[in-house]
Chemist: 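Quick one: structure below, then a few questions.
Not measured: the values here are computed from a predicted model. The sequence lines fix the lettering, A, B, ..., with proteins before strands; numbering per chain opens at 1. The figures that follow rest on heavy atoms only: side chains count, while hydrogens, waters and symmetry mates do not.
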Protein chains: 2
Amino acid sequence: MVTKNGRRRREYAPRVPIEQRRRELLDAALRIVVRDGHGAVTMEAVAAATGVTKPVVYGVFPNRETLLGELLRREQAAALEQLVELLPALRKGLAAGAHPADVLAEALDGFLAAVRAAPERWSCVVSPMADMPAQFNAAREETRGLVLASAEELGRWITRTFDASTDLDPELIAHTVVTLAEMAARLVLTDPERYEPARFVKGLRAAVGLVR
Amino acid sequence: MVTKNGRRRREYAPRVPIEQRRRELLDAALRIVVRDGHGAVTMEAVAAATGVTKPVVYGVFPNRETLLGELLRREQAAALEQLVELLPALRKGLAAGAHPADVLAEALDGFLAAVRAAPERWSCVVSPMADMPAQFNAAREETRGLVLASAEELGRWITRTFDASTDLDPELIAHTVVTLAEMAARLVLTDPERYEPARFVKGLRAAVGLVR
DNA sequence: TTACAAAGCTACGTCCGCGTAGCATATTGC
DNA sequence: GCAATATGCTACGCGGACGTAGCTTTGTAA
């Protein structure tokens, strides 16, 4: 009822099974990362944003590192999942010999829609988060590596389709494609008024149209 | 000679005028930022890396924020200076109606040479440094804004030269060019064996060669 | 050679975030 | 209605980084 020092005891937060708490806490942590950077993700802040106290957080995650690790893994995985869902349509386009500009524009459009569907997730996936503990950047690079490998497939298709010189190697194309996709995502997320997805899609169409 | 607790007194570092110290300290801070992230730039760490003690650092910078601020300003300014030196050659190319592939390849080559000439500087200029105090990102964005504006000039030249549709607007081109330059720089800096500047230059040539 | 100013150094006080110990209460099964 | 247990809360110890007070040494100029 009342504490040692005579202060009124805080009202109890509703009790919640641990797996649900885990999700709530990670959601709160994500919001904080996005809004204030990962340095602001203190155990206290996560607790407060979830409406509980610090030891509750420690009841779910043994330490801050684990919390951040699980958060990043969860978001990376979910983002990757969204990308995988775009693959069938893309592959069909590549195989069917559709017009390159259409194939690429469709893919970009789908991607930016995915980004807008989960803005917080993507804003932490799509920008480097400098000076995180090494293991996190490693995790990020791992996922990004998968995407790059997949983009190389696209790179090979591009060199074939446009009959490019071998100087334009698929790995370079992959880096370019992924980097530009990330750029578009960042702009769409940080300044949605000025940078609508359609703008990038149209721009891409026009650029591809210049070839040949 | 000897301290209160009977410990031997530390040997005095050579005395150095303040402006030189300032440079030394900023140099040390830069090395630390690049190697271990900005979180590792504690006043203590900077002092140690310079071979002095903490109060010496406070003798030059009133607080950590100022130190980091001055560091970033210095590096941004120096980087910008390197870019400005590349401008005359580029402008000449644009005006002289040289072959676009040559103009662009030359520019990229010059840029990557500049990056390799000052790798630490560029590795902190070229990657976002998430979760720095807001003012620093603001400073970075300011400089980057100048570069973007300049790149827009290039964008207009490109649309003119290739007679592109208005969907490919100069602002988009500017973002693309700057982002890809940053990407190349990052790759060259983090994995110089695998990504030599020439690789990007040849790739760019090949890509531009596809047009028309 | 000596005094004094400039530059360094030691030693703290403070704050903040991590992580823990142990008490309080809500909920569930009987 | 009541015990048992899971969930939450208060309170604290610890360490690391910031920033400061005040003493010590070095170099220089009279």
Chemist: Considering only side-chain heavy atoms of Lys54(A), which listed nucleotide, dG8(D), dG19(C), dT10(D), is closest?
Modeler: dG19(C)
Chemist: Assert yes or no for the condition that the ring centre distance of His38(B) to Phe136(B) is strictly below 6.0 Å.
Modeler: no
Chemist: Charged N to carboxylate O below 4.0 Å: is that the case for Glu24(B) and Arg21(B)?
Modeler: yes
Chemist: Less than 4.0 Å between a side-chain N and a carboxylate O, is that true for Arg140(A) and Glu75(A)?
Modeler: no
Chemist: Below 3.5 Å, does any donor atom in the side chain of Arg15(B) face an acceptor in the base of dT25(D), or the other way round?
Modeler: yes
Chemist: Could you check whether the side chain of Tyr12(A) and the base of dT7(D) have a donor-acceptor pair of N or O atoms closer than 3.5 Å, going by distance alone?
Modeler: no
Chemist: Quick check on DNA chain D: between Pro55(B) and Pro14(A), whose nearest nucleotide comes earlier from the 5' end?
Modeler: Pro14(A)
Chemist: Whole angstrom is fine here: how far is it from CZ in Phe61(A) over to P in dT7(D)?
Modeler: 15 Å
Chemist: In whole angstrom, what separates Arg9(B)'s CZ from dC9(C)'s C1'?
Modeler: 4 Å
Chemist: Could you tell me the separation between the CD atom of Glu65(A) and the C1' atom of dG19(C), rounded to a whole number of Å?
Modeler: 14 Å
Chemist: Please report the distance, rounded to the nearest Å, between CD in Glu11(B) and C1' in dT26(D).
Modeler: 13 Å
Chemist: Rounded to whole angstrom units, what separation is found between the CE atom of Met43(A) and the P atom of dA11(D)?
Modeler: 21 Å
Chemist: Contact class for Gln20(B) vs. all strands (heavy atom < 4.0 Å): base, sugar-phosphate, or nothing?
Modeler: nothing
Chemist: Return the value, rounded to whole Å, for the distance between atom OH of Tyr58(B) and atom P of dG22(D).
Modeler: 18 Å
Chemist: Write down the distance between CD (Glu24(A)) and C1' (dT7(D)), rounded to a whole number of angstrom.
Modeler: 13 Å
Chemist: Send over the distance from Arg8(B) CZ to dC9(C) P, rounded to a whole Å.
Modeler: 14 Å
Chemist: Check this for me: does any side-chain nitrogen of one of Arg91(A) and Glu153(A) sit under 4.0 Å from a carboxylate oxygen of the other?
Modeler: yes
